[in-house]
Amino acid sequence: MRLLLVEDDIHVATALSAVLGRHGFDVVHARSGEEALRELLPSDDVAPFGVVLLDLGLPDQDGFEVCGRIRKISSTPVIMVTARGGVRSRIHGLNLGADDYVVKPYDTGELLARIHAVSRRAAPEESAETVRDEGTPAESTLRVGAVTIELPTRKVCVDGDSVALTRKEFDVLALLAQRPGVVFRREQIISEVWRTSWEGTGRTLEVHVASLRSKLRLPALIETVRGVGYRLVEPQQTV
């Protein structure tokens, strides 16, 4: 897999590139946001990147801005790798289109697991919205109270107003909306949306749920079942 490492610290980049190389990645190093954006432009000469590792502290522009610009030209999975560990920063990064967020200092095994998790996107539409009992046709639209989820177009509306969600936010919401009122275990959500059983993804799930509550402006819609997981609250329960 080709991997784009966006990191201005040459020492960090050299060490990380060596580790990633030993695990089979073809690493391309970009030292600035503009260089990264140039590398991501489509080319007939080289294979596309499988993942982007994006540091936020870049010399020419903030990594958040770079992420937003990446999303305008590419659907390549982006993992933000930064020392900014606050929840607001995590939510902001995910809202801009990042697929994951890793806080420095991190364990190399953790980073590798996250890279493999977000790269499992060969068939992105075969995620939460297509999970049905075998032989049962998938509904094209799910409705829970004021929320309408159009699966073919991946469009979400609240009281008729469109709400922009990231890929993973949509997948989490669509999965929960399949069975309103039913508790989905954290492990089940992580397995079906992130296609991994790695426990460290749990924190990422929490951030995505927090972001969904904020974007939908219905904080009570997704209920946390302590020690178990999450469920979408049925309309009669929100009255």
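Counting begins at 1 with the first residue of the sequence.
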Nearest 0.5 Å, what's the [atom1]-[atom2] distance between [X] and [Y]?
X: Ile190; Y: His208; atom1: CD1; atom2: NE2; value: 11.0 Å
X: Arg31; Y: Leu58; atom1: CZ; atom2: CG; value: 12.5 Å
X: Arg114; Y: Glu110; atom1: CZ; atom2: CD; value: 4.5 Å
X: Leu40; Y: Phe49; atom1: CG; atom2: CZ; value: 6.0 Å
X: Cys67; Y: Gln61; atom1: SG; atom2: CD; value: 11.5 Å
X: Ile149; Y: Phe170; atom1: CD1; atom2: CZ; value: 6.5 Å

Do [X] side-chain atoms and [Y] backbone N/O form a donor-acceptor pair below 3.5 Å?
X: Arg213; Y: Ile222; answer: yes
X: Ser17; Y: Ala13; answer: yes
X: Thr14; Y: Ile10; answer: yes
X: Asp171; Y: Val193; answer: no
X: Asp26; Y: Met1; answer: no
X: Arg71; Y: Gly97; answer: yes
X: His92; Y: Arg88; answer: no

Partner of Lys215 by side chain to side chain contact (heavy atoms under 4.5 Å, CB included), out of Val156, Thr166, Leu173: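 The single option meeting the side chain to side chain contact (heavy atoms under 4.5 Å, CB included) with Lys215 is Thr166.
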If you compare all heavy atoms of [X] against all heavy atoms of [Y], which two are closest, and at what distance to 0.1 Å?
X: Ile70; Y: Val78; value: CG2-CG2, 4.0 Å
X: Val144; Y: Ala177; value: CG2-CB, 4.1 Å
X: Phe184; Y: Leu175; value: CZ-O, 3.3 Å
X: Ala220; Y: Val233; value: O-CG2, 3.3 Å
X: Tyr106; Y: Val103; value: CB-O, 3.6 Å
X: Glu206; Y: Tyr230; value: CG-OH, 3.6 Å

Do the side chains of [X] and [Y] join up, straight or via other hydrophobic residues, at under 4.5 Å, putting them in one cluster?
X: Ile73; Y: Val52; result: yes
X: Leu56; Y: Ile79; result: no
X: Ile91; Y: Phe64; result: no
X: Leu218; Y: Leu142; result: yes
X: Leu216; Y: Leu232; result: yes

Kindly indicate whether the side chain of [X], heavy atoms from C-beta on, has any atom under 4.5 Å from the side chain of [Y].
X: Ser89; Y: Thr82; result: no
X: Glu150; Y: Thr141; result: yes
X: Asp55; Y: Leu5; result: no
X: Ile189; Y: Leu176; result: yes
X: Leu16; Y: Leu111; result: yes
X: His29; Y: Glu39; result: no
X: His23; Y: Leu112; result: yes
X: Pro48; Y: Thr76; result: no

Glu34/Arg69 salt bridge by N-O under 4.0 Å criterion: yes
Ion pair Arg217/Asp159, N-O distance below 4.0 Å: no
Side chain to side chain contact (heavy atoms under 4.5 Å, CB included) between Asn95 and Glu169, intermediate numbers included: CA-CA 9 Å; Asn95 285 344; Glu169 288 169 354; 3.4 Å; yes
Check: His116 ring centre within less than 6.0 Å of Phe25 ring centre: yes
No-hydrogen, no-angle side-chain donor-acceptor test under 3.5 Å, Arg167 and Ser75: no
Criterion side chain to side chain contact (heavy atoms under 4.5 Å, CB included) on Ile115 and Leu53, from CA distance to verdict: CA-CA 9 Å; Ile115 291 171; Leu53 294 184; 4.1 Å; yes
Check against salt bridge (charged side-chain N to carboxylate O under 4.0 Å, His left out), Asp100 and Lys168: CA-CA 9 Å; Asp100 206 343; Lys168 295 305 184 187; over 6 Å; no
